[in-house]
Every structure is written in C-alpha cells, then in structure tokens.
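See below for the structure under consideration.
The figures here come from the full heavy-atom set of this structure, side chains too, leaving out hydrogens, waters and symmetry mates. Computed from a predicted structure; not experimentally measured.
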Amino acid sequence: MAGASRSPLGGRSVSGAELPAESLSRVRTDVDAALQADAGGVEAVAVVVRACVELLGIDGASISVVASARSRQMLYASDEVSTWIESLQFGLGEGPCYEAFESRVPVLAPDLATSATASWPVFAAELAEGQVGAIFAFPVISGAISLGSVDLYRVQPGWLAPVQLTTALHVVDIAAQALGRMSADPHAHESGSLPLNRGREQVHQATGMVLAALDVSAASALDRLRAYAFASERGLEEVAADIVARRLAPTELDR
C-alpha cells in the first residue's frame with residue numbers, strides 16, 4: 001500500500017495494511033522480557049503503549065488502572081496530550097475510560113464533533129477545545145476482573161480500520177495479561193498498580209481532609225473537590241495541593 005511505513009516492532013502501521021502475526025508475537029516477547037527484568041512493570045506497560053502508537057495509526061495512547069471514579073491511576077502515557085486526557089477524565093470523573101471500564105466494552109468516538117457523548121458531555125467539550133478529533137477506549141479485562149483501560153486518541157477524526165481494531169484488541173489482551181501478572185507478583189504494589197504520582201496522592205490526601213472537615217463520605221468529598229476545581233477553572237490536582245498545603249480550607253469548597 002502506498003505510504004506504508006515499517007514499525008520498529010516489525011509490522012506496518014498503515015490503516016489498510018495487513019499486520020503480520022509476528023508483530024504481536026514480538027510485543028508479547030518484549031512484554032515478557034520487561035516483566036522478568038522489572039517486577040514493577042513500568043517498562044512492560046511502556047512496551048504496550050508504544051505498540052499501540054506504532055501499530056494502530058494513532059497519535060497517542062495511555063494505560064490506566066481503575067477501581068472506581070474515586071480510584072484511578074495512569075501507569076504510562078505516550079505523550080503530553082495523552083497525559084492531559086487522562087488527567088482531565090480523573091478531574092471530571094467522567095469520560096470514555098470510565099465508560100469502557102464500567103461497561104466492559106470498547107467505547108469508540110471517531111468524531112468528537114458528531115459522536116454521541118451524552119454520558120460525558122463536559123469531557124467531550126474540553127477535548128474539542130484541545131483539538132482532539134477522535135478517542136477510543138478499551139477495557140482491560142482479566143477473566144471476570146476489570147483492571148483498567150487503554151485510551152487512544154487521534155488529532156484528526158476517523159474510524160479505526162478493521163485491521164487496526166482487531167490489532168488493538170490483541171494489544172489490549174496483552175496489556176491485561178501484563179497487568180494481571182503485575183497484580184499477582186508478591187513484590188508488586190499491593191493494589192496491583194504502580195505507586196501514585198505526587199499529584200494523585202495529594203488528591204487522596206485532600207479528599208480525606210475534606211471528608212473529615214465536612215463530615216461527608218469519601219465520594220461526596222471528591223465530588224466537592226471536582227466541583228470546586230471546575231467552577232474555578234483549575235485542575236483537580238492543583239486544588240488538592242492547595243488543600244494539603246492548607247492554602248485552601250476544606251470549608252471554602254461549600255461557598
């Protein structure tokens with residue numbers, strides 16, 4: 001096919017090209033090697049994310065582990081836009097990642113300007129302003145357990161071609177096996193994920209401070225943090241940092 005480019009993993013990343021099976025075999029081999037070298041799984045997750053970008057004709061990808069709207073942690077992102085998309089979903093408590101995790105089926109929005117986004121309208125509006133044209137979220141499932149999601153984005157709108165969609169499902173399956181092995185490793189983090197980054201850790205700390213000060217549930221405390229961040233046009237992690245540093249009193253969230 002004209003314009004086809006060879007992936008470092010051995011496959012072709014063009015939408016209409018047939019992807020050789022050896023490309024996916026190579027991804028599995030690289031993930032296995034990374035897990036043996038690093039029980040924490042940082043490089044294994046990175047291998048999966050890089051495979052998504054190289055093989056699927058997309059602009060960026062990320063992998064997150066999800067327990068609920070209150071417990072989510074990004075493990076790896078390919079670029080700053082993917083990091084922003086993940087942070088935006090966590091800050092708003094909505095988005096295709098959560099929908100894919102809860103429904104256990106892929107969420108495909110090939111054109112954010114026209115796709116049905118009734119379940120996450122604020123997130124969709126923010127993405128449109130950030131010039132993201134399409135987003136695809138795949139649940140990461142191991143047996144009966146939902147572990148998290150893989151998020152893919154494109155700057156330009158457009159469907160994943162059939163071969164890309166099939167390949168994405170295979171890569172997500174590899175991600176599920178990797179996360180499952182990370183969770184089973186006795187030396188891994190007790191939650192089965194990597195330790196929380198500083199900003200996300202402060203969100204959990206701030207949530208605890210708000211629930212203690214206002215005598216509300218953890219869910220309500222996080223909702224109030226999100227509402228305050230949205231109303232003040234600030235990031236959730238930024239507001240949490242102010243709460244933890246006592247620059248912002250929890251009682252001010254109700255004003």
inquiry  = Between Asp32 and Gln36, is there a side-chain donor-acceptor contact under 3.5 Å, judged purely by atom types and distance?
reply    = no
message = Please check this pair: side chain of Asp242 against backbone of Leu248, looking for a donor-acceptor N/O pair closer than 3.5 Å.
response = no
message = Test your reading of the model: is there a side-chain donor-acceptor pair from Gln73 to the backbone of Val65, 3.5 Å cut-off?
response = no
ask   = Would Leu147 and Ile141 show up in the same hydrophobic cluster when neighbours are defined by side-chain heavy atoms closer than 4.5 Å?
value = no
inquiry  = So Asp59 and Val81, do their side chains get closer than 4.5 Å, heavy atoms only?
reply    = no
message = Run the side chain to side chain contact (heavy atoms under 4.5 Å, CB included) test on Arg154 and Leu160 for me, step by step, so that the C-alpha distance in whole Å, both residues' side-chain angles and the decisive distance to 0.1 Å come before the verdict.
response = CA-CA 10 Å; Arg154 275 182 175 156; Leu160 292 173; 4.0 Å; yes
request  = For Leu169 and Pro106, work out which heavy atoms get closest and say how close.
outcome  = CD2-CG, 4.3 Å
Donor-acceptor contact present, side-chain Ser82 to main-chain Ala61, <3.5 Å = yes
remark   = Tightest non-hydrogen contact, residues Pro139 and Ala100, listed as CB-O, 3.4 Å
note = Taken to the nearest 0.5 Å, the spacing of Phe101 CZ from Ser146 OG works out to 5.0 Å
query = Are any non-hydrogen side-chain atoms of Val150 and Val171 less than 4.5 angstrom apart?
reply = no
ask   = Do Asp79 and Trp84 touch side chain to side chain, with heavy atoms closer than 4.5 Å?
value = no
inquiry  = Just verifying a value: how many Å separate Phe136 CZ and Leu108 CG, rounded to the nearest 0.5 Å?
reply    = 6.5 Å
query = Minimum heavy-atom separation for Pro96 to Ala137, with atom names?
reply = O-CB, 3.5 Å
query = Does Arg26 pair with Asp30 as a salt bridge, N-O distance under 4.0 Å?
reply = yes
message = Regarding Glu252 and Arg247, does a basic nitrogen lie under 4.0 Å from an acidic carboxylate oxygen?
response = no
ask   = Taking C-beta and beyond as the side chain, do Tyr98 and Ser119 meet within less than 4.5 Å on heavy atoms?
value = no
task = Indicate if Val172 and Val105 have the same hydrophobic cluster label, given that clusters are the connected sets of ILVMFWY residues with side-chain heavy-atom separations under 4.5 angstrom.
result = no
note = All heavy atoms of Pro250 vs all of Leu214, minimum pair found to be O-CD1, 4.0 Å
inquiry  = Is any side-chain heavy atom of Glu126 closer than 4.5 Å to one of Val132?
reply    = no
key: Residue pair Trp120 / Val107, side-chain heavy-atom distance below 4.5 Å   = yes
message = Phe138 vs Leu152, test: side chain to side chain contact (heavy atoms under 4.5 Å, CB included). Steps then yes/no.
response = CA-CA 8 Å; Phe138 296 83; Leu152 317 175; 3.6 Å; yes
message = Does any part of the side chain of Tyr228, heavy atoms only, come nearer than 4.5 Å to the side chain of Arg234, both counted from C-beta?
response = yes
ask   = Same cluster for Leu88 and Leu112 if Ile/Leu/Val/Met/Phe/Trp/Tyr side chains link at under 4.5 Å?
value = yes
query = Out of Glu86, Gln89, Glu102, which residue meets the side-chain contact (heavy atoms from CB on, under 4.5 Å) rule with Cys97?
reply = Gln89
key: Full working for side chain to side chain contact (heavy atoms under 4.5 Å, CB included) between Ile58 and Cys52   = CA-CA 8 Å; Ile58 58 170; Cys52 289; 4.3 Å; yes
key: Interatomic spacing from CG in Asp111 to CD1 in Ile135 - rounded to 0.5 Å   = 13.0 Å
key: CD1 on Ile145 to CZ on Arg104, rounded to 0.5 Å   = 9.0 Å
task = Report yes if the side chains of Val45 and Leu179 come closer than 4.5 Å at any heavy-atom pair, otherwise no.
result = yes
inquiry  = Could you go through Glu43 and Val47, starting from their C-alpha distance and side-chain angles, then the distance that decides it, and tell me whether this counts as side chain to side chain contact (heavy atoms under 4.5 Å, CB included)?
reply    = CA-CA 6 Å; Glu43 181 55 28; Val47 168; 3.7 Å; yes
task = Specify the closest pair of heavy atoms between Ala175 and Val140, including all atoms of both residues, with the distance to one decimal.
result = C-CG1, 4.1 Å
ask   = Could you give the distance from CE (Met209) to CD1 (Ile243), rounded to the nearest 0.5 Å?
value = 6.5 Å
inquiry  = Donor-acceptor check, side chain of Ser87 to backbone of Thr83, threshold 3.5 angstrom: yes or no?
reply    = no
